[in-house]
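Quick one: this structure, given as structure tokens, is what I'll be asking you about.
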Amino acid sequence: MEARGYHVAVVGATGAVGQQMLKTLESRNFPISKLTLLSSERSAGKKVIYKNQEYTVQVATPDSFEGVQIALFSAGGNVSKALAPEAVKRGAIVVDNTSAYRMDENVPLVVPEVNEAAIKDHKGIIANPNCSTIQMVVALEPLRQQYGLNKVIVSTYQAVSGAGAAAINELKQQSQAILNGESFTPEVLPVKGDEKHYQIAFNAVPQIDKFQENGFTFEEMKMINETKKIMSMPDLQVAATCVRLPVETGHSESVYVEIENHEVTTDQLKQLLKDSDGVTLQDDPSQQIYPMPADCVGKNDVFVGRIRKDLDRANGFHMWIVSDNLLKGAAWNSVQIAESLVKLQLV
């Protein structure tokens with residue numbers, strides 16, 4: 001990475017992902033000459049420490065992006081829709097961590113381990129995929145390259161941090177209330193803006209985001225559509241069921257894949273993933289070794305285990321994929337995209 005620094009803005013700097021973005025920029029020693037921290041009026045004025053220096057968070061306005069070269073957005077889709085074009089007008093490249101632009105045909109949807117080259121086609125905005133999609137495609141891309149990919153069926157077991165700080169608080173408060181024998185009224189999950197809310201503590205809720213007319217939720221359709229776009233496989237068969245669990249951080253996924261090659265062994269698949277960028281293989285049933293969310297928190301990699309051949313289909317495999325949804329699922333992938341912009345000399 002070049003020694004010169006860049007003027008970087010973080011929009012949503014006080015949120016969970018924004019905070020992780022700053023930690024990741026710092027731990028990666030990303031070359032920053034000037035840092036601008038932005039948020040809504042509600043959070044403006046807060047103080048944030050970055051590299052032992054105190055910054056005051058400013059209200060995000062169109063003029064906030066004067067002179068900014070890279071803007072990392074994580075403040076909700078409406079903010080991105082309103083301000084990302086304004087940032088681009090002023091010369092910034094936007095890395096957007098919301099769903100606002102993911103399926104826009106003019107916006108690359110990027111996971112650097114999978115489709116880094118797509119960054120070159122940006123027209124000012126680059127979209128960061130959904131957290132559940134990111135970890136899955138990182139594990140599936142080596143299989144696609146080596147053996148071809150026909151079909152993907154995924155069931156997710158997602159942490160409450162994916163729904164924000166209010167969901168984390170709700171999980172903790174409900175857990176305490178149940179342990180104390182107290183009553184409570186769910187207010188946040190499964191979807192803050194939906195009509196009904198359900199207990200998340202000691203429960204599993206098979207709804208993430210709102211239901212669509214086809215019976216799938218918006219989260220499930222995100223995974224389906226984003227996977228096809230990232231892998232440039234519009235005809236890939238993908239189905240998803242997304243479930244919220246009472247876990248604070250770290251999404252887990254049970255994934256069934258069918259590859260084109262019928263001769264592949266489980267050991268070959270394990271070796272392929274072991275040698276892949278961004279993947280840590282944790283797979284030894286004899287020692288009860290497999291990935292778990294509690295062990296992946298704070299780590300950038302995608303963890304894969306429980307790899308086994310389907311009992312009925314020679315080209316079918318099952319695997320278990322776990323990752324920190326706030327890191328690889330959001331902040332780390334965004335910073336990786338920024339690093340790719342520098343590496344490819346696009347900024």
CD1-CD1 distance between Ile337 and Ile126, expressed to the nearest 0.5 angstrom: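 It is 6.0 Å, given to the nearest 0.5 Å.
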Non-hydrogen atoms of Val304 and Leu273 that approach each other most closely: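 Result for this residue pair: CG1-CD1, 4.0 Å.
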With a 4.5 Å limit on heavy-atom distance, are the side chains of Gln199 and Ile178 in contact?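 When only atoms from C-beta onward are counted, Ile178 and Gln199 do touch, with a gap below 4.5 Å.
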With a 4.5 Å cut-off on side-chain heavy-atom distances among I, L, V, M, F, W and Y, is there a chain of contacts connecting Val17 to Tyr50?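 Yes, Val17 and Tyr50 fall within the same hydrophobic cluster.
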Flag for Ser64-Thr61: side-chain donor and acceptor within less than 3.5 Å: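 Yes, because at least one side-chain N or O of Thr61 sits under 3.5 Å from a partner of the opposite role on Ser64.
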Would you mind checking if Asp63 and Arg90 are paired as a salt bridge, meaning a charged N to carboxylate O distance below 4.0 Å?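 Asp63 and Arg90: salt-bridged.
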Please test Glu258 against Gln237 for side chain to side chain contact (heavy atoms under 4.5 Å, CB included), starting from the C-alpha separation and ending with a verdict. CA-CA 10 Å; Glu258 287 182 8; Gln237 296 177 43; over 6 Å; no
Rounded distance (nearest 0.5 Å) linking atom CE of Met223 with atom CD1 of Ile208: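 Separation between the atoms: 9.5 Å.
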Salt-bridged, Lys51 to Glu26, with N to O below 4.0 Å?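 No.
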Would you say CD of Glu41 has more than 12 non-hydrogen atoms from neighbouring residues, nucleotides or ligands within 6.0 angstrom?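 It does not: Glu41 CD has 12 such atoms or fewer within range.
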Here's a test for you: under side-chain contact (heavy atoms from CB on, under 4.5 Å), which of Val8, Leu25, Leu22 qualifies with Val335?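 Only match with Val335 under side-chain contact (heavy atoms from CB on, under 4.5 Å): Leu25.
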Can you name the nearest heavy-atom pair linking Ser334 to Met21, along with the distance?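 Shortest heavy-atom contact: OG-CE, 3.6 Å.
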To the nearest 0.5 Å, tell me how far Arg244 CZ sits from Leu171 CG.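 Those atoms lie 11.0 Å apart.
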Would you say the side chains of Gln135 and Ser323 form a donor-acceptor pair under 3.5 Å?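 No, Ser323 and Gln135 have no side-chain donor paired with an acceptor closer than 3.5 Å.
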Any side-chain donor paired with an acceptor under 3.5 Å for Gln336 and Glu113?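 Note: Gln336 and Glu113 side chains meet the donor-acceptor criterion.
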Applying a strict under-4.5 Å side-chain criterion to I, L, V, M, F, W and Y, I'd like to know whether Tyr147 and Val114 cluster together.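 Tyr147 clusters together with Val114.
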Considering all heavy atoms, the nearest His197-Val188 contact: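 Nearest pair, atom of His197 first, then Val188: CD2-O, 3.5 Å.
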Before giving the answer on side chain to side chain contact (heavy atoms under 4.5 Å, CB included), spell out for Lys299 and Leu327 the whole-Å C-alpha distance, their side-chain angles and the decisive distance to 0.1 Å. CA-CA 7 Å; Lys299 296 171 183 166; Leu327 275 174; 5.7 Å; no
Does Asp277 CG have over 12 foreign heavy atoms under 6.0 Å away?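 For Asp277, atom CG is not crowded (no more than 12 foreign heavy atoms under 6.0 Å).
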Which atom names give the shortest non-hydrogen contact between Pro112 and Lys328, and what distance separates them?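 Looking at all heavy atoms of both residues, the shortest contact is CD-NZ, 4.4 Å.
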Without hydrogens or angle criteria, can the side chains of Ser254 and His318 be said to hold a donor-acceptor pair below 3.5 Å?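 Ser254 vs His318: no donor-acceptor pair found between side chains.
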What's the shortest heavy-atom distance between Leu38 and Ala9, and which atoms?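 Closest pair (atom of Leu38, atom of Ala9, distance): CD1-CB, 4.3 Å.
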Please report whether the ring centroid of Phe65 lies less than 6.0 Å from that of Phe73.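 Under 6.0 Å, so yes.
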Side-chain heavy atoms under 4.5 angstrom apart, residues restricted to Ile, Leu, Val, Met, Phe, Trp, Tyr: same cluster for Met103 and Val238?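 Met103 does not cluster with Val238.
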Over all heavy atoms of both residues, which pair between Thr133 and Glu226 is shortest? Give the atoms and the distance, please.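 Looking at all heavy atoms of both residues, the shortest contact is OG1-OE1, 3.3 Å.
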Path from Val88 to Leu341 over hydrophobic side-chain contacts below 4.5 Å: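 No, Val88 and Leu341 fall in different hydrophobic clusters.
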Pair Gln282-Asp295, side-chain donor/acceptor within less than 3.5 Å: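 The answer is no; no qualifying pair exists.
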Would you say CD of Glu54 has more than 12 non-hydrogen atoms from neighbouring residues, nucleotides or ligands within 6.0 angstrom?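 Yes, CD of Glu54 has more than 12 neighbouring heavy atoms, counting only those of other groups under 6.0 Å.
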Within the 3.5 Å criterion, strictly below it, is a donor on Thr217 or Lys210 matched to an acceptor on the partner's side chain?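 Side-chain D/A pair, Thr217 to Lys210: absent.
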Check whether any side-chain heavy atom of Thr156 sits under 4.5 Å from a side-chain heavy atom of His251, and report yes or no.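 Side-chain contact under 4.5 Å: no.
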Verify side chain to side chain contact (heavy atoms under 4.5 Å, CB included) between Val160 and Glu170, making sure each step is shown before the conclusion. CA-CA 9 Å; Val160 292; Glu170 182 165 73; over 6 Å; no
Reported CD-to-CG distance for the pair Glu260 and Leu143, which is rounded to 0.5 angstrom: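 Going from the CD atom of Glu260 to the CG atom of Leu143 covers 11.5 Å.
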Go through the side-chain N and O atoms of Asp275 and Gln271 and say whether any donor and acceptor fall under 3.5 Å apart.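 Present: a donor and an acceptor within the cut-off.
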side-chain hydrogen bond (donor to acceptor under 3.5 Å, both in side chains) for Asp194 and Gln207? Distances and angles first, verdict last. CA-CA 11 Å; Asp194 221 338; Gln207 180 191 357; 3.0 Å; yes
Val107 vs Lys123, side chain to side chain contact (heavy atoms under 4.5 Å, CB included): CA-CA, chis, key distance, verdict: CA-CA 7 Å; Val107 176; Lys123 295 176 176 63; over 6 Å; no
Examine Met221 and Val137 and state if one hydrophobic cluster contains both, with Ile, Leu, Val, Met, Phe, Trp and Tyr joined whenever side-chain heavy atoms are less than 4.5 Å apart.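 Yes, one cluster joins them.
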What do the steps show when you test Glu219 against Gln158 for side-chain hydrogen bond (donor to acceptor under 3.5 Å, both in side chains), and what is the final call? CA-CA 11 Å; Glu219 179 86 356; Gln158 293 178 226; 3.1 Å; yes
May I ask you to test the Ile134-Asn128 pair for a side-chain heavy-atom distance under 4.5 Å?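 Yes, their side chains come closer than 4.5 Å.
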